[in-house]
Amino acid sequence: MIRLGLCCTFADEPIKFATTTATAVGRLDRAVGLAKLSALCLANADALLQALHFCAQRGIGCFRVNCQILPLATHPQLGYAVDELPAGDQIVEKFRACGSFARARGLRTCFHPDQFVVLNSQRPEVVAASLRELEYQSEVAEWIGADVVNIHGGGAFGDKPSALDRFARALDRLSDRARSRLTVENDDRVYTPRDLLPLCAATGIPLVYDVHHHRCHPDGLTEAEATAQACATWQREPLAHLSSPLAGWQGPGPQRHHDYIDVGDFPECWRQRTLTVEVEAKAKELAVLRLQRELTAAGWPLRGDSPPW
DNA sequence: AGCGGTCAAGTTGAT
DNA sequence: ATCAACTTGACCGCT
């Protein structure tokens, strides 16, 4: 059974997550700034519940939460703990309500911090900021019952074995809350599945298999081999990523994402799997719903409302 | 009210 | 040495 996942935002549905900028908040007094941020966090908790309702209603079994759900939470100057916000209690309560809803409807949720999280950086301040970011996202993940906080391997710095070793050692600095949710994903320029599988074996961190990245940056493993080995790193339902190239596989910049998924890009070797497939496509929910229709027409078993993994 | 420039953060590799 | 690519639109300050 395949569970399809939607990433972060909507193309057509009027569900919006609010953001702000450090420049704007930095101009305000601390208290005024916190009041503004508090309102944004509250609005985002409401938007998340709407997003989950949409997914439940349309049989989309997984939703990825935007990493800016609590805007500027880890900013070096403007960052805050949620209990510093005027509506802090209410915010946590609303996120916990999202968690209850997701659990009741069998929806999976996950996080994917952006490229600034580099656990194997050679710069200690970058690693420290990355750990801080993972702790923040894992706190929200706990509120909403998300089981995955997924990151990339980071940089190679001219020496992948050393870089992977630094990655492994940084894990020891995470709380249980963060470490138990952390996963690592192959990317399209540095780390392949083959590079990451030994790290996963050594640390117990699951591998999120991005088949599009693997096609852009192959490593000698077939898709079936990479899928099998990635799935074996999971003690629960595995997670994978799928995209189609912007202008076809022969076109320029195949690593760039298309608006929709070409159903021909869906790996045949996923057919017998129980798997969450996050759809990374610019047309967002429209792309997920179209893929859902096409897979169903092709006889693939899909699930969006079954009990949690 | 509408417009357009701007946005916290890291790393790689193309030019 | 510089800069786009990752995500991409929404915000904010100016008229």
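Residue numbers begin at 1 in each chain, while the letters A, B, ... track the order of the sequences.
For A/Ala18, whose side chain is taken as the heavy atoms from C-beta onward, the closest listed nucleotide among B/dG10, C/dC11, C/dC12 is C/dC11. Checking B/dG10, C/dC11, B/dA8 against the side-chain heavy atoms of A/Val126 singles out B/dG10 as nearest. Among the nucleotides C/dC6, B/dT11, C/dT8, the one closest to any side-chain atom of A/Lys284 is C/dT8. The side chain of A/Arg123 approaches B/dT11 more closely than any other nucleotide in the set C/dC11, B/dT11, B/dA9. Listed nucleotides B/dG10, C/dC12, C/dT7 differ in distance to A/Thr21; the shortest reach to its side chain belongs to C/dC12. The A/Lys36 side chain lies nearest to C/dC12 when the options are C/dC12, B/dA8, B/dT11.
When each of A/Lys16 and A/Thr23 is assigned the nucleotide of DNA chain C with its nearest heavy atom, A/Lys16 is the one assigned upstream, toward the 5' end. Residue order along DNA chain C, read from the 5' end via each residue's closest nucleotide, puts A/Arg189 first among A/Lys282 and A/Arg189.
Taking atom CD of residue A/Gln115 and atom P of nucleotide B/dA8, one finds them 14 Å apart after rounding to whole Å. The distance between atom CG of A/Leu131 and atom C1' of B/dA9, rounded to the nearest whole Å, is 14 Å. Atom CG in A/Leu72 sits roughly 10 Å away from atom P in C/dC12 (whole-Å rounding). One atom, NE2 of A/His213, and another, C1' of C/dT7, lie 11 Å apart when rounded to the nearest Å. Counting to the nearest Å, the P atom of B/dT11 and the CD atom of A/Glu185 are 18 Å from each other. One interatomic measurement links the two molecules: CD of A/Glu133 to P of B/dA8, which rounds to 14 Å at whole-angstrom precision. Straight-line distance from the NE2 atom of A/His212 to the P atom of C/dT7: 9 Å, rounded to whole Å. Here C/dT7 presents its P atom at 11 Å from NE2 of A/His241, a figure rounded to the nearest Å.
Put simply, the side chain of A/Tyr136 gets close to the backbone of A/Cys67: a donor and an acceptor are under 3.5 Å apart.
Nucleotide B/dT12 forms a Watson-Crick or G-U wobble pair with C/dA4, both donor-acceptor distances falling under 3.5 Å.
Residue A/Phe116 and nucleotide B/dG10 are not classified as a stacked aromatic pair, given the requirement of ring centres less than 5.5 Å apart at an interplanar angle below 30°.
A/Ala129 comes within 4.0 angstrom of no nucleic acid atom, judged by non-hydrogen atoms across all strands. No engagement by A/Glu125 is indicated, since no non-hydrogen atom pair under 4.0 Å with the nucleic acid exists. At the heavy-atom level, A/Phe17 lies nowhere under 4.0 Å from the strands shown. Residue A/Leu78 is classed as having no contact, given no heavy-atom separation below 4.0 Å to the nucleic acid. Residue-level contact check: A/Ser121 touches the backbone only, with heavy atoms under 4.0 Å from sugar-phosphate atoms and none from bases.
Under 4.0 Å is where a charged nitrogen must lie from a carboxylate oxygen, and between A/Arg64 and A/Glu280 at least one such pair does. Between A/Lys284 and A/Glu13 no salt bridge is recorded (no basic side-chain N to carboxylate O distance below 4.0 Å). Ionic pairing of A/Arg179 and A/Asp172 is present here: one or more N-O contacts between side-chain nitrogen and carboxylate oxygen are shorter than 4.0 angstrom. The pair A/Arg96-A/Glu93 does not meet the salt-bridge criterion, since no charged nitrogen lies less than 4.0 angstrom from a carboxylate oxygen.
The shortest distance between the side-chain N/O atoms of A/Arg132 and the OP1/OP2 oxygens of B/dA9 is not below 4.0 Å. Checking the phosphate oxygens (OP1, OP2) of C/dG13, a side-chain nitrogen or oxygen of A/Arg27 falls inside 4.0 Å. In terms of phosphate contacts, A/Thr20 brings a side-chain nitrogen or oxygen within less than 4.0 Å of OP1 or OP2 of C/dC12. Contact annotation: A/His152 side-chain N/O to C/dC6 OP1/OP2 distance is not under 4.0 Å.
Using P as the reference atom, B/dA8 and C/dA1 are 27 Å apart when rounded to the nearest Å. The P atoms of B/dG5 and C/dC6 are separated by 22 Å, rounded to the nearest whole Å. C/dT7 and B/dC3 have their P atoms separated by 29 Å, given to the nearest Å. Here the separation of B/dA9 from C/dA5, taken at their C1' atoms, is 16 Å to the nearest Å.
Interface remark: the A/Thr74 side chain does form a donor-acceptor pair with the B/dA8 base, using a distance-only criterion of under 3.5 Å.
Proximity of the aromatic rings of A/Tyr209 and A/His214 is defined here by a centroid distance below 6.0 angstrom, and this criterion is met.
Checking A/Asp165 against A/Ser162 by side-chain atom types alone, no donor-acceptor pair falls below 3.5 Å.
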